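To keep things clear, I will list the structure first and then write my remarks on it.
Here the structure is a predicted model, which is why all the values come from computation and not from measurement. Per chain, numbering begins at 1; letters A, B, ... match sequence-line order.
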Amino acid sequence: MPFALIDCNNFYASCERVFDPSLKNRPVVILSNNDGCVIARSAEAKEAGVAMGIPEFKIRSLIRKMNIAVRSSNYALYGDMSMRVMETIKSITPDIEVYSIDEAFVKIPVSSENETTNIGKRIREAVRKHTGIPVSVGIASTKTLAKIANETAKKRSELSGVLYLNHRETVHDVLKETAVGDVWGVGKNYREMLERQAITNAYQLSRMPDSWIRSNMNVVGLRTVWELRGFSCLGIEKGRDNKKGILSSRSFGFPVKSHRNIIESVSSFTTRAGEKLRAQKCVASAVTVTLVTSKYINPGQAYKFGRSVTLPNPTANTSVLVKHATGLASMLFEEGRTYKKAWVMLSGIVPESEIQADLFSGSSYSGKEHRLMESLDKVNGKYGKQLVRPASNGIEQPWKMKQQYLSKKYTTSWDELMRVRAI
DNA sequence: TCTGGGGTCCTAGGACCC
DNA sequence: TCTGGGGTCCTAGGACCC
């Protein structure tokens, strides 16, 4: 049974276009949180020479010259559009793994070659019709090959967005045209290592002996190579298990030097992490706080300062988490440093139902705390994020990130629905 | 001046246990 | 004087993904 990978084309840019048709045929870029660097580009923006990941300040003149539209990232909008795309796919092929916000793997029930390609076409048309988002579909015998088929479908316009990579010779031809660094699972470091061995395309990689791959790229690399050869090693993963670590972090909107702002932001990120933790009905046993200064000012010098604490009792109580996190932040804080960012990470995550009561202190995450947190989440769910929050999070929160070019929450907020006028 | 925010898995090495 | 071997757990670090 072949795998298909459905991938939204330039997803964030496409989402912005659905609700703002003036962006059609115009180069569009989406900036990261804090409007720092480019994380998505329309096809026109790619052609105009905007590189992925480039800082916004480096392309200001290009933005003016090419009349590029700029948007801050609007995750409320993209998340909601993603859900609609996934629901549409599921209605055609229910055996689905939602791999990321803009990609899904599905299993295609066995049938003739023509029928398989047709399912791909049907998915593409349905998603376009229901959501306005263009997608490409790559189909092959393994997930890694389906990824490559998808890339090829995107590149070759004559395929109109769907490619079933089926026959052995075709697979080999496509692998020969695929740069080794474009293989799923080969990042920058492996690419450089492979190129030093004169392995430059996916076909060459697929012909390397197992033992060599095993010792140079470990078992993960070996799976990749087998998948390139057509042996499926990775299946559809449904409903991923709970997260093993929960991270909440943001860059600051301006360089932070004061102890107070550090404490406020760490307190606020911890609150957010606590919400995520409770959303998956878990408790955490450890908290790590990291304060980050600029790595560009003194290259080579330490710029991250982190510290962890193991909690006496695993908990999901925001107050307890905040107390420990801000304690760590105070220890890490040093007068005179200029901070750019802070992280709060919760780890040692276990389901609420598996907490062992502490025989001696009797102070594990109790029923009372649990009910308090539940009410808190309910109120915030109803009246807006963090309406009720620890005072230590601060009121004005001057360190908050910048989002200068934010579009509206067209699909998730009654106040920001699109207005349509008949003429 | 200005450089994202999440995650995953694997490996090596140390501590500790019997 | 001799100084094992097998196992687990934890952490740090490195690779990768979108």
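A:K341 has a side-chain polar atom (N or O) that falls below the 4.0 Å cut-off from OP1 or OP2 of B:dG5. The phosphate of B:dG6 has OP1 or OP2 within less than 4.0 Å of a side-chain N or O from A:R250. Residue A:K188 places none of its side-chain N or O atoms closer than 4.0 Å to OP1 or OP2 of C:dA15. The phosphate of B:dG4 has neither OP1 nor OP2 within less than 4.0 Å of any side-chain N or O from A:K340. Side-chain N/O atoms of A:S32 include none lying less than 4.0 angstrom from OP1 or OP2 on B:dT3. Considering only side-chain N and O atoms, A:R223 lies under 4.0 angstrom from the phosphate OP1 or OP2 of B:dC10.
A donor atom on one side chain and an acceptor atom on the other are not found under 3.5 Å apart for A:T142 and A:S232. If you check the side chains of A:N10 and A:K46, you find a donor sitting under 3.5 Å from an acceptor.
Annotation: cation-pi pair A:K107/A:F3 present, NZ/CZ under 6.0 Å from the ring centroid and within 45° of its normal.
Both A:N34 and A:N218 lie near DNA chain B, and the one whose nearest nucleotide falls closer to the 5' end is A:N34.
Atom-to-atom, NZ of A:K58 to P of B:dG4 comes out at 11 Å; the value is rounded to the nearest Å. Atom CG in A:N33 sits about 16 Å away from atom C1' in B:dC2, given to the nearest Å. Across the protein-nucleic acid pair, A:L62 atom CG and B:dC2 atom C1' stand 17 Å apart, rounded to whole Å. Computed from coordinates, the A:F57 CZ to B:dC2 C1' distance equals 5 Å when rounded to whole Å. In this entry the distance linking CZ of A:R214 with C1' of B:dC9 reads 13 Å, nearest Å. Separating the CG atom of A:N216 from the C1' atom of C:dA15 is a distance of 13 Å, rounded to the nearest angstrom. Residue A:I59 contributes atom CD1, which lies 17 Å from atom P of B:dC2 at whole-angstrom precision. For A:D182 and C:dC17, the CG to C1' distance is 14 Å, given to the nearest whole Å.
Taking every side-chain heavy atom of A:K276 into account, B:dG7 is the closest of B:dC2, B:dG4, B:dG7. In the set B:dC2, B:dG5, C:dA15, C:dA15 carries the atom at the smallest distance from any side-chain atom of A:N189. Which of C:dC18, B:dG6, C:dC16 sits closest to the side chain of A:Y190 comes down to C:dC16. If you check B:dC2, B:dG6, C:dC16 against the side chain of A:R60, the one that comes closest is B:dC2. For A:I39, the side-chain atoms get nearest to B:dG4 when compared with the rest of B:dG4, B:dC10, C:dC17. If you check C:dC18, B:dG5, B:dG6 against the side chain of A:E103, the one that comes closest is C:dC18. Checking B:dC10, B:dG4, B:dG6 against every side-chain atom of A:V219, the shortest atom distance belongs to B:dC10.
Residues A:R26 and A:D20 are not paired through a salt bridge, judged by the lack of any N-O separation under 4.0 Å between the basic side chain and the carboxylate. Using a 4.0 Å cut-off between charged nitrogen and carboxylate oxygen, A:E125 and A:R128 do not count as a salt-bridge pair.
Counting any heavy atom pair closer than 4.0 Å across all strands shown, A:S248 reaches sugar-phosphate atoms only and no base atom. Across all strands shown, A:V183 has heavy atoms under 4.0 Å from sugar-phosphate atoms exclusively, and none from any base. In this structure, A:D102 reaches the sugar-phosphate backbone alone: every heavy-atom distance under 4.0 Å involves primed, P, OP1 or OP2 atoms, never a base. Looking at heavy-atom distances under 4.0 Å, A:W184 makes contact with sugar-phosphate atoms alone, never a base.
If you take CZ on A:R389 and CD on A:E275, they are separated by 11.0 Å, rounding to the nearest 0.5 Å.
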(request) Go through A:R214 and A:V219 one step at a time and tell me if the side chain to side chain contact (heavy atoms under 4.5 Å, CB included) criterion holds. (result) CA-CA 6 Å; A:R214 179 70 184 80; A:V219 299; 3.3 Å; yes
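Across all strands shown, B:dC16 pairs with C:dG7; the Watson-Crick or G-U wobble distances both stay below 3.5 Å.
Nucleotides B:dT3 and C:dC17 are separated by 25 Å at their P atoms, to the nearest Å.
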